[in-house]
Amino acid sequence: MTQPETETVETDVLILGGGMAGCGAAFEAAQWAKAKGLRVIIVEKAVIERSGAVAMGLSAINCYMGMRWNQNKPEDFVHYVRNDLMGLSREDLVYDIARHVDSSVHMFEDWGLPIFKNPDGTYKREGRWQIMIHGESYKPIVAEAARSAVGENNVYERIFAARLLLDSKVPNRIAGAIGFSVRDNKIYVFKAKAVISSAGGATGVFRPHAHAEGLGRIWYAPWNTGSVYSLMIQAGARMTQMEHRLVVARFKDGYGPVGMWFLLFKALFKNAKGELVEDKWANLLNEWAPYGTNKPIPTPLRNHQMLTDFRAGGGPFYLRTDEALQRMFMEAQNDPKKIREIESEAWEDFLDMTMSQALIWASDNIDPAKTPTEVVLTEPYLMGSHASGVGAWVSGPEDVAPKEYFWGYNRMTTVNGLFAAGDGVGGSAHKFSSGSYTEGRLAGKAAVAYVLDQGTSPNIDQDQVEAIKVELWKPFENYEKGKGSSTRDDINPNYIYPKMALHRLQKIMDEYVAGLGSQFITTEAMLLKGLERLQVFKEDLQHLAARDLHDLLRCWEVWDRVWCSDAHIRHMLFRQETRWPGYYYRADYPKMDEQNWKVFTNSRYDAKTGEWHLQKIPFLTNFA
Amino acid sequence: MPTYVNPNKCDGCKALDRPACHHICPTDLMVLDKALGKAYNQEPDQCWECYACVKVCPQTAIDMRGYADVVPLGASLTPLRGTDSIMWTVKFRDGQTKRFKYPIRTTQWGSIDPGKYALPPTPEDIKSQMLCGEPKWLMVDQLPVISSKLNKRGE
Ligand SMILES: Cc1cc2nc3c(=O)[nH]c(=O)nc-3n(C[C@H](O)[C@H](O)[C@H](O)COP(=O)(O)OP(=O)(O)OC[C@H]3O[C@@H](n4cnc5c(N)ncnc54)[C@H](O)[C@@H]3O)c2cc1C
Ligand code: SF4
Ligand code: SF4
């Protein structure tokens with residue numbers, strides 16, 4: 001590949017990642033920016049109509065209060081999230097999402113998203129916080145609003161955001177980002193006064209269930225490769241709860257979500273002997289009081305019961321779709337029209353959001369009304385929008401946050417002018433699609449306020465930009481220099497391809513860092529070994545090779561995952577307890593330790609020294 | 001789970017300015033074989049089976065084969081996406097078929113006017129906790145504020 005062309009783009013607000021949070025940020029920021037003549041742009045590695053975790057569509061919106069019908073108060077949501085996260089969430093952030101989220105959902109409906117209704121006009125609920133949607137086009141609808149709000153010229157697609165740029169004159173201030181095109185031989189330098197980091201969570205860090213053709217058929221989107229964390233870590237932003245990964249129960253091999261079956265259809269989760277796993281292991285919950293003894297049972301503890309039963313010989317496990325559907329057919333007095341409706345709803349859950357699960361039913365000749373479907377635990381993911389809390393340490397809203405958690409602008413990280421949203425924000429879980437969108441809006445508005453207050457142009461060091469450009473293109477050079485040494489392109493002593501690098505990372509993480517293969521168990525010695533292997537692996541990553549832009553994309557995706565892994569291991573080492581059994585176990589500290597560890601764990605990477613600094617941050621809340 | 005392209009149906013999107021599947025794939029998998037003028041999946045083991053390319057192909061040339069390391073052969077799942085609904089045909093390995101139709105949008109494509117939700121942005125508004133269109137779009141009288149203040153701002 002020849003040297004890339006460079007294009008410099010100047011903007012006031014720069015949004016990195018046009019998923020749910022990014023589209024929310026674009027919509028909101030544009031409204032406030034317009035009157036002041038400010039520019040807002042989105043940079044996205046794909047095209048926003050089908051990008052991010054909602055690319056396939058969704059069959060539910062998992063975060064909706066229903067304040068207009070007095071269904072829930074934002075405080076109720078805070079209490080729910082507190083318990084599900086085993087006590088540790090940023091309750092100021094959680095509350096803030098809850099009090100705003102309904103307005104986002106009402107706008108989605110106004111834009112044309114079909115929402116299931118009850119006869120009295122209220123939204124049909126799947127569970128206390130979830131509502132049901134016909135969501136095949138959820139993302140294209142949300143993208144249309146974002147595109148129209150910022151204007152076609154301000155959507156930069158097929159550009160992979162690779163680095164954040166810091167101001168060369170003002171310490172600890174953001175100045176923009178560098179990305180490369182996945183289509184043309186071109187590098188983009190974005191100069192921006194404020195940046196919103198919304199590039200999704202991290203998948204592919206751990207080895208999944210299928211290793212060959214099915215490597216990419218995982219639960220969370222394989223194109224969310226951890227950029228959001230890696231970009232912020234390298235820029236020196238403080239991160240929080242990077243140990244707090246997500247592991248969830250999903251239908252086997254298709255990774256179809258179980259939410260609707262569990263909450264709406266009341267399907268029971270049973271082991272191979274027909275025993276109810278939840279009842280059989282109810283006593284386990286006492287060890288994790290007060291969280292374990294509250295209802296609903298926290299997500300990690302449900303996993304813990306399942307893993308315990310597996311060791312006692314209970315597997316395989318099933319969601320009894322057959323029993324649930326037969327019961328519903330009976331309740332409908334076997335009326336063929338009603339049966340057809342129930343069946344259509346059951347299939348829509350997957351056809352709207354995990355089509356592969358429907359294909360697996362068809363391939364295995366499974367009629368869910370007759371045959372139960374197997375359920376397993378997924379490999380770990382790093383994300384901040386589901387029942388887990390990795391991400392950046394951000395300022396809360398001024399009127400709700402404890403003063404220690406507020407520094408000027410809502411959702412601003414510890415780098416001035418750098419904001420985060422969605423999976424990118426730590427300690428504030430259960431946002432899902434609607435909450436991530438809403439958090440994007442909060443960050444979008446705050447970013448405009450920041451620009452209006454502190455709106456001087458950023459200073460960019462041209463030498464630094466040149467150095468990053470050379471570094472980004474190095475995999476091409478590695479390939480050109482190394483390719484003569486072997487008669488086989490992929491087996492070469494001078495370089496490795498990103499696919500093998502991905503496998504190597506997944507093997508390290510799986511074996512030492514509590515992946516599927518080690519049944520989510522690890523210890524200090526295991527983690528230190530994993531860290532040691534990761535450091536050697538990083539040396540080898542200097543020899544990553546790319547033949548074309550697609551390879552180059554994969555090379556930098558692997559690097560993003562490595563940054564996430566580094567942070568994840570260090571945080572797991574730091575937290576000397578087992579707070580979320582079922583997500584991972586520290587076998588050397590098998591119990592939860594409220595006395596010493598009911599705290600947030602924060603880290604900061606210092607790019608100058610290459611050192612990581614970890615510290616405990618007191619848990620504070622304004623909620624009873 | 002990977003997509004595959006039927007060579008008899010794919011025309012390389014000659015009539016469009018770019019191949020539709022290449023444009024849409026969220027992870028850059030679908031590419032055109034320049035010599036053949038037909039598309040293929042360049043990295044099947046990174047396919048999420050999100051069906052974005054299948055839904056968008058104007059020739060209905062793209063289909064799925066369940067991933068061979070796990071899924072038995074013989075089934076298929078075929079979408080037909082219109083402007084307001086989508087139809088799915090499920091064919092089982094044993095030949096049984098089911099068909100489902102779901103709405104996807106209640107308004108015209110391209111009809112969203114984001115300006116409709118704009119507030120008059122005064123300097124005070126930008127400092128308030130209110131997002132654009134609130135409280136109207138919350139459909140309650142006012143934005144909730146915290147009622148219990150245990151150590152509010154540490155005081
Ligand atoms: C199978 C599945 C089922 C789910 N079910 C539900 C549900 O029923 N209800 C619900 O409410 N939520 C559900 N969710 C969760 C919801 O989708 C996420 O919480 C939400 O999308 C997170 O928003 P985000 O903006 O942080 O990430 P995303 O929406 O994933 O957006 C991230 C964006 O960043 C882009 N990006 C990544 N890296 C880069 C880079 N380096 N440069 C440029 N762009 C980049 C990506 O392409 C993407 O567009 C589900 C998710 C999945 C996968
Ligand atoms: S969208 Fe369909 S017709 Fe067009 S290039 Fe792709 S497979 Fe061929
Ligand atoms: S199904 Fe999705 S991931 Fe697979 S090739 Fe098509 S668009 Fe890409």
Side-chain angles (χ1 to χ4, degrees), chain A residues 27-28 31-32 35 46-47 50-51 55-56 67-68 74 99-100 102-103 106-107 111-112 114 134 136-137 144-145 148-149 182 210 212-217 221-223 253 344 347-348 351 355-356 358-360 362-365 397 399-400 402-404 441 445 449 550 553 620 622-624, chain B residues 1-2 23-24 26-28 42 44-52 64 66-72 74-75 77 86 88 90-94 100 102-107 112 114 117-118 121 126-127 129 131-134 137-140 143-154:
Chain A
F27 167 78
E28 185 75 26
Q31 309 290 347
W32 298 97
V47 293
R50 295 282 181 193
S51 74
M56 286 196 281
M67 294 189 295
R68 67 200 270 202
R99 66 172 165 172
H100 289 286
D102 286 9
S103 76
H106 298 153
M107 287 193 309
W111 293 340
H134 298 285
E136 189 279 338
S137 290
E144 183 186 312
S148 155
V182 186
E213 230 174 58
L215 189 69
R217 171 89 292 281
W223 40 80
D253 295 326
S344 167
W347 281 80
E348 179 170 9
L351 293 173
M355 291 71 108
S356 51
L359 185 55
I360 286 186
S363 303
D364 279 335
N365 288 330
D399 65 334
V400 180
K403 80 170 188 312
E404 293 81 350
R441 293 176 65 197
K445 184 181 178 191
H550 180 74
L553 171 71
L620 300 172
N622 281 327
F623 297 89
Chain B
M1 289 201 188
H23 174 66
I24 206 71
T27 197
D28 193 37
Q42 64 172 327
D45 70 5
Q46 282 304 304
C47 181
W48 204 32
E49 207 168 63
C50 75
Y51 275 83
M64 292 285 165
Y67 51 100
D69 47 340
V70 178
V71 183
L77 188 60
I86 188 164
W88 288 97
V90 189
K91 192 172 134 297
F92 285 63
R93 180 177 159 89
D94 64 10
F100 302 102
Y102 306 115
I104 61 172
R105 185 158 180 176
T106 60
T107 56
I112 299 173
Y117 309 90
I126 192 105
K127 295 284 178 189
Q129 294 299 327
L131 292 176
C132 78
E134 288 179 350
W137 287 90
L138 282 170
M139 299 188 183
V140 289
L143 181 72
V145 287
I146 182 168
S147 56
S148 62
K149 293 183 182 175
L150 285 187
N151 62 358
K152 164 76 181 135
R153 319 237 32 226

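Predicted, not measured: the structure shown is a model, and the values here were computed from it.
For I104(B), the parts lying under 4.5 angstrom from a heavy atom of chain A are both the backbone and the side chain. Both the backbone and the side chain of I24(B) come within less than 4.5 Å of a heavy atom in chain A. The parts of P114(A) that come within reach of chain B are both its backbone and its side chain, each placing non-hydrogen atoms under 4.5 angstrom from that chain.
Between chain A and the options G74(B), P103(B), A68(B), A52(B), the largest number of non-hydrogen pairs under 4.5 Å is found for P103(B). Among L143(B), T106(B), V140(B), I112(B), the residue with the largest count of heavy-atom pairs under 4.5 Å with chain A is I112(B). Among A46(A), A362(A), S344(A), the residue with the largest count of heavy-atom pairs under 4.5 Å with chain B is A362(A). Chain B forms more heavy-atom pairs under 4.5 Å with one residue of H134(A), R441(A), H100(A) than with any other, namely H100(A). Ranked by heavy-atom pairs under 4.5 Å with chain B, the list P222(A), A449(A), A210(A), A55(A) is led by P222(A). For chain B, the option among H550(A), M67(A), M355(A) with the highest count of heavy-atom pairs below 4.5 Å is H550(A). No other option in L553(A), L351(A), D364(A) has as many heavy-atom pairs under 4.5 Å with chain B as L351(A).
A donor-acceptor pair shorter than 3.5 Å can be found between the side chains of R217(A) and S356(A). Side-chain contact of T27(B) with Q46(B): a donor-acceptor pair under 3.5 Å is absent, judged by distance alone.
Considering CZ of R50(A) and CE of M56(A), their distance stands at 10.5 Å, rounded to 0.5 Å. The CG atom of D69(B) sits 9.0 Å away from the CG atom of D253(A) when rounded to the nearest 0.5 Å. Distance CH2/W88(B) to OH/Y102(B): 9.5 Å, rounded to 0.5 Å.
Contact between Y67(B) and E213(A) at its shortest, heavy atoms only, is CA-OE1, 3.3 Å. Heavy-atom minimum distance, P397(A) versus Q129(B): CB-OE1, 3.7 Å.
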